[in-house]
There are 2 protein chains.
Amino acid sequence: MITADLLEKYGASKKFYEKTATVFEEGKLPTHYYQIVSGEIKMNNYNDDGREFIQGIFYKEQSFGEPPLFLNQKYPASAVAVEESQILCLLRSNFMKLLEENPAISIKIIENLAQRLYYKSVMAAEISTHEPEHRVLKLIDHGISYFNFKKDANGFLINFTRQQIGDLTGLRVETVIRAIKALEKKGELKIINRKVYR
Amino acid sequence: MITADLLEKYGASKKFYEKTATVFEEGKLPTHYYQIVSGEIKMNNYNDDGREFIQGIFYKEQSFGEPPLFLNQKYPASAVAVEESQILCLLRSNFMKLLEENPAISIKIIENLAQRLYYKSVMAAEISTHEPEHRVLKLIDHGISYFNFKKDANGFLINFTRQQIGDLTGLRVETVIRAIKALEKKGELKIINRKVYR
DNA sequence: CTTGTTTTATGATTTAAGTCATAAAACGCA
DNA sequence: TGCGTTTTATGACTTAAATCATAAAACAAG
């Protein structure tokens, strides 16, 4: 999103997070702007009996956790490394300075937030009013442009586990497994040795 | 958000929408920036069997429908007047020009989008992993700062119908009615001649 | 290789919320 | 001030998805 050069010019430092390491926690106040150099980060919540909900998954060059940073409010979810990741971290005050001095960046931030709001609108409607199969298919279709699914001879490889799909759509693993099977039977997607293609 | 003066300087015109009139429809491409002068607008979706989901409700001085405007993507939901409303409408190209020539406005847009993303994150987690009572209470609590609930001697008056609460939380009216009764019994809120107070 | 963990899979059972039916109270407007 | 509509309300019942149990396949680590 923002070039590494520019971030470093304002004092950003690169930090390493190993798999399952926490970048920030729900309920804490934001201190930094975060932009992924490499790896994969998920934002998630747990309810009282330990059930996970994944707000989103982010990949290289993407930023995350800005809304509370701008509003100076507590994080509504935690950020956790899904795999080993490198992240550029820039102190809030320096990030704000960067924004002020580089108005063109604002437009990029706006487009990024707009994209995420769009995704959330689509998924909110899905989760509230559609059955499992519809929800799963919508996540996958939206994900083709939103997440980094790679295309090969069989179509787009949906590189999520059934559990992740469940945590992104508010469904249980078993329900996702059954929905995916049903969708395969209907010809909406393919399962090639347990991997899902669309 | 943006002063009426500035919007008008760039050619915005004030339009009147009567109750239930549509401002824009799901699936259409955006053409204008919209900012409410007076009244109340809801953004909603309908699923295949006519069930409604309300994405959000907006009041005077708030804007809505920007994400697709910035991304040049189809609206993921429709916008409908809940009551008679006046809206300032500014053509996309002129709005973009306004933004370019007034960098300070960008920050306001960012804060606004951040606020909405925050609301969506909170509600997504609620809808996916919490029971009806929790969902209703969270909507109400978040709504106290987000929607324009007025405080009086009995507390904040939640001026939503049970149906609207259902459409905002993905629950059916009957479930909302039962959840609200249960919450009253637990002392979490008050019902004074059918009106809900918190 | 072996072993422990994660992921996918399937069947049986339970349950919370949706659905259906019905009605009274409140509201709106002609 | 009367009448149609909307909103709130409650009880009975149905059902879709969650839960529970179990296991095989795949993967990861030592």
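First the proteins, then the strands, lettered A, B, ... as listed; each starts at 1.
- Between A/Ile177 atom CD1 and D/dA18 atom P there is a gap of 12 Å when expressed in whole angstrom units.
- Summarising the geometry, the separation between CZ on A/Arg51 and P on D/dA17 is reported as 13 Å, rounded to the nearest angstrom.
- Counting any heavy atom pair closer than 4.0 Å across all strands shown, B/Arg194 reaches a base atom.
- In this structure, B/Phe95 has its ring center no closer than 6.0 Å to that of B/His32.
- Note: A/Phe160 and A/Phe149 have perpendicular aromatic rings, judged against thresholds of 30 and 60 degrees for the angle between ring planes.
- Following rounding to the nearest Å, A/Lys19 (NZ) and D/dC27 (C1') show an atom-to-atom distance of 10 Å.
- If you walk DNA chain C from 5' to 3' and mark each nucleotide with an atom closer than 4.0 Å to a heavy atom of chain A, the marks span C/dT7 to C/dA12.
- With respect to the salt-bridge test (charged N to carboxylate O, under 4.0 angstrom), the residues A/Glu25 and A/Lys28 qualify.
- Across all strands, A/Glu174 comes closer than 4.0 Å to base atoms (heavy-atom distances).
- A donor atom on one side chain and an acceptor atom on the other are not found under 3.5 Å apart for B/Gln164 and B/Lys42.
- Looking at B/Lys14 and B/Glu8, no side-chain N of the basic residue comes within less than 4.0 Å of a carboxylate O on the acidic one, giving no salt bridge.
- Heavy atoms from other residues, nucleotides or ligands lying under 6.0 Å from CD of A/Glu184 number more than 12.
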